[in-house]
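Chain A is the first sequence line, chain B the second, and so forth, proteins listed ahead of strands; every chain is numbered from 1.
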Number of protein chains: 2
Amino acid sequence: MVPFRLIPQPGVPVADQVVFAAKKAMFSGKLRPGDAFPSVRTLAGAMKIHANTAQKVIAQLTADGLLEVRPGIGTVVVHPPAARAGRGRLLARDVEQLTVQAMQLGITLEELQGSLAECWRGLQKEDGHHER
Amino acid sequence: MVPFRLIPQPGVPVADQVVFAAKKAMFSGKLRPGDAFPSVRTLAGAMKIHANTAQKVIAQLTADGLLEVRPGIGTVVVHPPAARAGRGRLLARDVEQLTVQAMQLGITLEELQGSLAECWRGLQKEDGHHER
DNA sequence: TAGGTGTCACAAGTGCCATAGTACACCTGT
DNA sequence: ACAGGTGTACTATGGCACTTGTGACACCTA
């Protein structure tokens, strides 16, 4: 029913995990623009979390511009505003962290870039499968 | 005195920030294998944190194999064991997260790889400056 | 009208984090 | 031997974020 699952990660907030899983579902094509997003209470029931936590998920995704709220109806997946005017700076912290961690593991830059490309294509390859 | 500083990040534990700053200092050559690492109390004083928190930093870095403890003497920076037997799997979570966030911002894979390379070289270029 | 939708508010419980203080075993100087 | 510096361990406390719990409201559709 819900187009994504999650494997509980200890230490990271459940709400953030669900948000991440939802984004992944969107960018991999399991949730396409126009599709109805699970309601707060439906999501809460499916994810075995509290309705209040599910509400935070919806609010977060809405704030990120990935969901649009139809009052009284529900929420719908929208196409990201594609606002990237020098937003690369927002990733600086994450890029730096990934770099340091890779260096610690003795991984080369090329290997890291390869892993990144592999992960990238792994998400995009399912992009045309709306026929479940 | 202490070969690294940190810019307080709200929301992330101070201990983790110091650990990250220390690692960055190591991989950028500001701290080379054989150098003495600041003592618990010195680190606590310089970073304006509690000695107990500084102790956690030392413990973390030691557990990561980046520091070696000489009982009664102090801690010394050691060369990472370079143990990378399929450890690329440890980065999977971070790679996936960075990928999704980049997609959300509408950044292309090539741009992301470019940012990564830039950050990488930015750390390595200072690698020969021990003449301080 | 009945039911489903998102939204908000308040309280209680839990756990992590940083601080605080104290103590111990170890080694190196003099 | 001694004093001083080192890492390590323990308990306790206050603050903060997270989750859950419960209830309520305004909105829309059938």
Side-chain angles (χ1 to χ4, degrees), chain A residues 1-3 5-23 26 31 33-78 97, chain B residues 1-3 5-22 26 31 34-78 97:
Chain A
M1 185 188 295
V2 178
R5 277 143 281 172
L6 54 80
I7 41 183
Q9 285 303 96
V12 41
V14 186
D16 293 3
Q17 296 182 41
V18 179
V19 168
F20 180 74
K23 287 182 181 177
M26 291 175 184
L31 272 177
D35 289 358
F37 195 81
S39 75
V40 170
R41 295 160 182 85
T42 299
L43 186 64
M47 291 300 181
K48 310 290 189 183
I49 60 180
H50 196 266
N52 218 330
T53 304
Q55 200 287 333
K56 255 200 287 189
V57 174
I58 306 278
Q60 180 65 52
L61 291 173
T62 303
D64 285 347
L66 298 172
L67 287 185
E68 195 180 272
V69 175
R70 307 285 169 81
I73 307 292
T75 54
V76 184
V77 180
V78 299
Q97 184 169 335
Chain B
M1 183 189 294
V2 178
R5 276 143 281 172
L6 54 82
I7 41 183
Q9 279 311 93
V12 41
V14 186
D16 293 4
Q17 296 183 41
V18 180
V19 168
F20 180 74
M26 293 175 184
L31 272 177
D35 288 358
F37 194 81
S39 75
V40 170
R41 294 161 182 83
T42 299
L43 187 62
M47 291 300 181
K48 311 289 189 184
I49 60 180
H50 196 265
N52 218 329
T53 304
Q55 149 58 8
K56 255 200 286 189
V57 173
I58 307 278
Q60 180 65 51
L61 290 173
T62 304
D64 285 347
L66 297 173
L67 288 185
E68 195 180 271
V69 176
R70 308 286 169 81
I73 306 293
T75 55
V76 184
V77 181
V78 300
Q97 185 169 334

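- Nucleic acid contact for A15(A): sugar-phosphate only, since backbone atoms but no base atoms lie under 4.0 Å from a heavy atom of the residue.
- A straight line from CD of Q60(B) to P of dT8(D) spans 13 Å, rounded to a whole angstrom.
- Taking a 4.0 Å limit (strictly below) on heavy-atom distances, residues 38-46 of chain A reaches DNA chain D at R41(A).
- In this structure, M47(A) atom CE and dT20(D) atom C1' are separated by 18 Å, rounded to whole Å.
- With DNA chain D read from its 5' end, the first of the two nearest nucleotides for A59(B) and T53(A) is the one closest to A59(B).
- For the pair L67(A) CG and dT7(C) C1', the interatomic distance rounds to 15 Å; values are reported in whole Å.
- In this structure, K56(A) places its NZ atom 16 Å from C1' of dG6(C), rounding to the nearest Å.
- L31(A) CG to L67(A) CG: the interatomic distance, rounded to the nearest 0.5 Å, is 8.5 Å.
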> What string of B, S and - do you get for nucleotides 25-30 of chain C, 5' to 3', if B is base contact, S is sugar-phosphate-only contact and - is no contact with any protein heavy atom under 4.0 Å?
Replying inline: -BSS--
What pairs of nitrogen or oxygen atoms, one from the protein and one from nucleotides 9-13 of chain C, lie under 3.5 Å apart?
unit_1: dA9(C); atom_1: N6; unit_2: N52(A); atom_2: ND2; d: 2.8

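- Among all heavy-atom pairs drawn from M47(B) and L6(B), the shortest one is SD-CD2, 4.1 Å.
- Between H50(A) atom NE2 and dT20(D) atom C1' the separation is 5 Å, expressed in whole Å.
- Distances from the side chain of V69(A) to the nucleotides dC17(C), dT7(C), dG7(D) place dT7(C) closest.
- Atom CD of E68(A) and atom P of dC28(D) are 15 Å apart (whole Å).
- When each of V14(B) and Q55(A) is assigned the nucleotide of DNA chain C with its nearest heavy atom, Q55(A) is the one assigned upstream, toward the 5' end.
- As rounded to whole Å, 17 Å separates atom C1' of dC17(C) from atom CD of Q9(B).
- As rounded to whole Å, 17 Å separates atom P of dT6(D) from atom CG of L61(B).
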